[in-house]
2 protein chains.
Amino acid sequence: MQKEITIYDLARELKLSPATISRGLKKSPALNKTTVQRILAKAEEMGYRHNNFASSLRNKRTQTLGIIVPRLNSYFMTSILAGMEDVASKEGYDLIISQSLEKMELEKSNASTMFNKRIDGLLISLAYTTTDIAHIQPFFDKQIPVVFFDRSFPGVESTSVVIDNYQAAYKATTHLIEQGCKKIMHLTGNLTRDIYADRLKGYKQALEENKIAFDEKRVLVSTLNEQDATTAANTILAMDAEQRPDAVFCANDLSAVYCMVHLKQHGIKIPDDIAFAGFNNDAVSRMIDPNLTTIDYPGNKIGEVAVSCLINLLKGDESVKNTNRIILHSSLLIRESSLKKK
Amino acid sequence: MQKEITIYDLARELKLSPATISRGLKKSPALNKTTVQRILAKAEEMGYRHNNFASSLRNKRTQTLGIIVPRLNSYFMTSILAGMEDVASKEGYDLIISQSLEKMELEKSNASTMFNKRIDGLLISLAYTTTDIAHIQPFFDKQIPVVFFDRSFPGVESTSVVIDNYQAAYKATTHLIEQGCKKIMHLTGNLTRDIYADRLKGYKQALEENKIAFDEKRVLVSTLNEQDATTAANTILAMDAEQRPDAVFCANDLSAVYCMVHLKQHGIKIPDDIAFAGFNNDAVSRMIDPNLTTIDYPGNKIGEVAVSCLINLLKGDESVKNTNRIILHSSLLIRESSLKKK
DNA sequence: TTGTACGCGTTATCAT
DNA sequence: ATGATAACGCGTACAA
């Protein structure tokens with residue numbers, strides 16, 4: 001490893017002081033325009049690169065934001081990240097991304113790693129299995145701003161960027177009812193995650209408004225993975241004609257698709273026998289036959305808003321400090337999977 | 001932000017020197033066992049956290065590896081990352097992950113960011129549009145080890161962890177031929193990416209061995225995204241019975257699925273009219289009807305091997321330096337999309 | 001407008 | 001087995 005160029009090297013070459021170089025590299029307005037130009041030119045010429053460590057050591061700031069997500073494998077997540085990356089880079093922040101793989105344990109260790117890396121702020125969407133947020137406490141204690149997105153925690157006093165899950169679920173369920181469905185099953189995730197609790201509420205509300213009795217046995221809680229969705233499908237197949245639902249509203253597209261695939265293999269016609277609605281507008285929703293009715297919400301926007309928020313908090317913007325819930329708009333995309341032939 | 005605990009604070013409390021504390025925190029064998037214990041206990045008690053910046057500043061090492069991937073949205077990619085994460089964390093390295101979104105420009109800027117962050121080593125899978133690797137040169141110049149995985153660059157003198165794309169494509173094509181297909185189309189990506197060039201070679205070889213004339217018009221090069229796959233489907237639909245292929249071998253599952261979906265919508269029967277084979281064993285390959293025949297290869301393993309390799313290079317292991325191509329095994333998964341009814 | 005000088009927290013070297 | 005010291009590269013208070 002050959003020697004790195006430092007501000008001292010530039011100083012020597014230009015017969016200026018290191019302090020001036022330091023200022024010049026940041027285009028300090030206190031400096032002579034031409035001096036700044038000379039410094040930048042020389043830096044370029046000599047291949048100078050800014051040393052983040054030395055800088056962070058002085059500033060006690062890393063210009064790095066940490067992101068913890070459940071999984072990176074959905075289009076939805078990657079568009080959130082794209083939105084975050086966009087705003088962050090414009091503001092001069094770098095991102096460190098890690099996955100909890102839906103496990104609280106991993107979420108804890110990721111949070112701890114990021115804490116030790118001294119990220120300036122944290123963006124987090126909670127894992128299925130996260131039951132408390134003690135692992136976030138160190139950030140709160142050190143006044144490091146935290147923004148929750150998508151999956152937040154009930155009662156947390158941090159900012160959250162979310163959608164109105166209640167409304168979205170209400171719309172989807174109402175739509176299924178309008179198609180003539182009366183026995184609507186709801187396949188959802190851990191109800192301690194507020195997004196799922198809210199979706200359940202919306203589902204219930206739609207039933208109630210249409211005078212359909214809520215039946216607890218029609219709500220299946222699972223981790224929404226392939227296996228659980230297949231199990232759900234088998235549960236449905238095992239039901240007699242009386243019990244069997246005429247529609248399923250799933251809390252995400254993937255579980256809806258896995259469930260549909262298994263039912264189709266066993267001769268169930270979709271949407272005629274059972275109509276389907278999902279959530280997230282994943283790419284698969286348009287690959288499956290019939291295309292899946294789903295809830296679309298803007299991943300990019302969520303990412304952008306969450307990071308803007310965080311950066312405002314870092315700047316000490318008081319007005320943001322008091323806004324602790326930002327709700328973005330979502331919409332119902334009606335496709336064939338829920339359109340019963342009349 | 002309250003004050004951080006440093007080794008000086010620990011030193012004062014324990015009436016030891018900072019140097020001893022530093023050694024103790026790393027469990028130096030030169031120290032008295034009991035001293036080490038006292039130091040660790042006190043550190044814990046006072047809430048000491050190691051300061052990476054100060055440490056990196058001294059060591060000129062960051063214990064961080066950079067990863068640049070085209071996209072994070074496939075199961076294949078996330079399993080590679082999981083494998084990488086696994087080995088890296090065991091060896092005490094952190095990861096910084098970024099996406100090129102298949103664009104060379106973004107890949108360049110990501111590489112530059114990582115270079116400036118002074119990562120200790122780089123893991124990269126090239127974007128579709130990457131035509132040269134001048135942006136990697138700074139790493140070579142500074143002797144920062146680089147390992148290519150999955151998508152490498154022809155003639156590069158770095159280590160690559162790949163699969164035998166030639167063999168895999170050969171097997172897939174041969175399988176299609178065995179099903180009685182004679183007019184096999186190949187839908188692939190940019191041929192400057194060696195994985196695609198190799199797959200094309202394997203495809204050609206299989207044709208040749210079966211005395212089927214190679215027809216250039218049957219090879220469609222694209223970026224393999226949704227739009228291109230749909231365009232390919234339209235191209236097929238526009239062909240007359242004579243020209244129209246009886247099978248399509250796609251260089252990835254996603255494009256195969258998009259293509260199939262569009263053809264199905266236009267009344268083409270799969271596999272009877274046109275058989276399909278993909279590549280990667282993505283989750284969608286088992287969601288689509290009929291299930292997609294594909295090439296499976298172990299993402300986890302690729303990730304693990306690539307990181308082990310990189311870490312060995314960092315340790316100055318000469319034996320690794322000379323191995324510059326590690327080829328992992330892949331296998332053909334036969335599913336309904338390619339099984340013609342006899 | 002530019003320079004001087006010190007400190008950020010850690011660790012390698014040398015000394016004890 | 002432990003201590004003293006310098007150095008890593010940068011930024012800033014203070015001085016000029």
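Here the structure is a predicted model, which is why all the values come from computation and not from measurement.
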Between the base of dT13(C) and the side chain of Arg23(B), is there a donor and acceptor pair under 3.5 angstrom?
yes

For Ser17(B) and Thr20(B), test the side chains for any donor-to-acceptor distance below 3.5 angstrom and give the result as yes or no.
yes

Residue whose closest nucleotide on DNA chain D lies nearer the 5' end, Ile21(B) versus His50(A):
Ile21(B)

Can you list the residues that meet the ring-ring contact (aromatic ring centres under 6.0 Å, His included) rule with Phe76(B), with sequence neighbours excluded?
Tyr297(B)

Write down the distance between CZ (Arg49(B)) and C1' (dT10(C)), rounded to a whole number of angstrom.
15 Å

Contacts of Asn59(A) that satisfy side-chain hydrogen bond (donor to acceptor under 3.5 Å, both in side chains) - sequence neighbours left out:
Ser55(A)

Determine which pairs satisfy salt bridge (Lys or Arg N to Asp or Glu O under 4.0 Å) with at least one residue from residues 65-74 of chain A, sequence neighbours left out, and list them in order.
none

Atom CZ of Arg12(A) and atom C1' of dG3(C): how far apart are they, to the nearest Å?
17 Å

How would you label the contact of Ser22(A) with the nucleic acid (heavy atoms, under 4.0 Å): base, sugar-phosphate, or nothing?
base

Listed in order of residue number, which residues of residues 25-46 of chain A have a non-hydrogen atom at under 4.0 Å from DNA chain C?
Ala30(A), Leu31(A), Asn32(A), Thr35(A)

Given atom CD1 of Ile5(A) and atom C1' of dG9(D), what is their separation to the nearest angstrom?
13 Å

Divergence of helical axes at both termini of the helix from dT1(C)-dA16(D) to dT16(C)-dA1(D) - five pairs an end, 10° steps:
30°

Residues touching DNA chain D, which here means a heavy atom under 4.0 Å, drawn from residues 113-121 of chain A:
none

Expected list for residues 51-59 of chain A near DNA chain D, using heavy atoms below 4.0 Å, is Asn51(A), Ala54(A), Ser55(A), Arg58(A), Asn59(A)

In whole Å, what is the span from the CG atom of Leu14(B) to the P atom of dG3(D)?
10 Å

Residues pairing under ring-ring contact (aromatic ring centres under 6.0 Å, His included) where one sits in residues 93-146 of chain A, two or more places apart or in two chains, turn out to be Phe115(A)-Phe139(A), Tyr128(A)-Tyr196(A)

Hey, is the side chain of Tyr8(A) pairing donor to acceptor with the base of dC10(D) inside 3.5 Å?
yes

Gap between atom CG of Asp132(A) and atom CZ of Phe153(A) - 0.5 Å precision
6.0 Å

Ion pair check, Arg118(B) and Glu4(A), cut-off under 4.0 Å
yes

To the nearest angstrom, the CD1-C1' distance between Ile7(A) and dG11(D) comes to 8 Å

Arg151(B): partners by side-chain hydrogen bond (donor to acceptor under 3.5 Å, both in side chains), with sequence neighbours left out
Glu102(B)

Which pairs with one or both residues in residues 104-117 of chain B pass salt bridge (Lys or Arg N to Asp or Glu O under 4.0 Å), sequence neighbours excluded?
Asp94(A)-Lys117(B), Glu105(B)-Lys108(B)

With sequence neighbours excluded, give me every salt bridge (Lys or Arg N to Asp or Glu O under 4.0 Å) pair touching residues 80-90 of chain B.
Asp86(B)-Lys90(B)

State whether Lys60(B) places a side-chain N or O below 4.0 Å from either non-bridging phosphate oxygen (OP1 or OP2) of dG9(D).
yes

Starting from the C-alpha separation in whole Å, work towards a yes-or-no answer on side chain to side chain contact (heavy atoms under 4.5 Å, CB included) for Val147(B) and Leu122(B).
CA-CA 6 Å; Val147(B) 169; Leu122(B) 176 66; over 6 Å; no

Might you point out which heavy atoms bring Thr6(B) and Asp9(B) nearest each other, and give the distance in Å?
N-OD2, 2.8 Å

Please tell me if Ser17(B) has a side-chain N or O lying less than 4.0 Å from either OP1 or OP2 of dA4(D).
no

For the residue pair Thr159(B) and Asn324(B), confirm or rule out a side-chain donor-acceptor distance under 3.5 Å.
no

Any salt bridge (Lys or Arg N to Asp or Glu O under 4.0 Å) involving residues 14-41 of chain B? Give me the pairs, sequence neighbours left out, ordered by first then second residue.
none

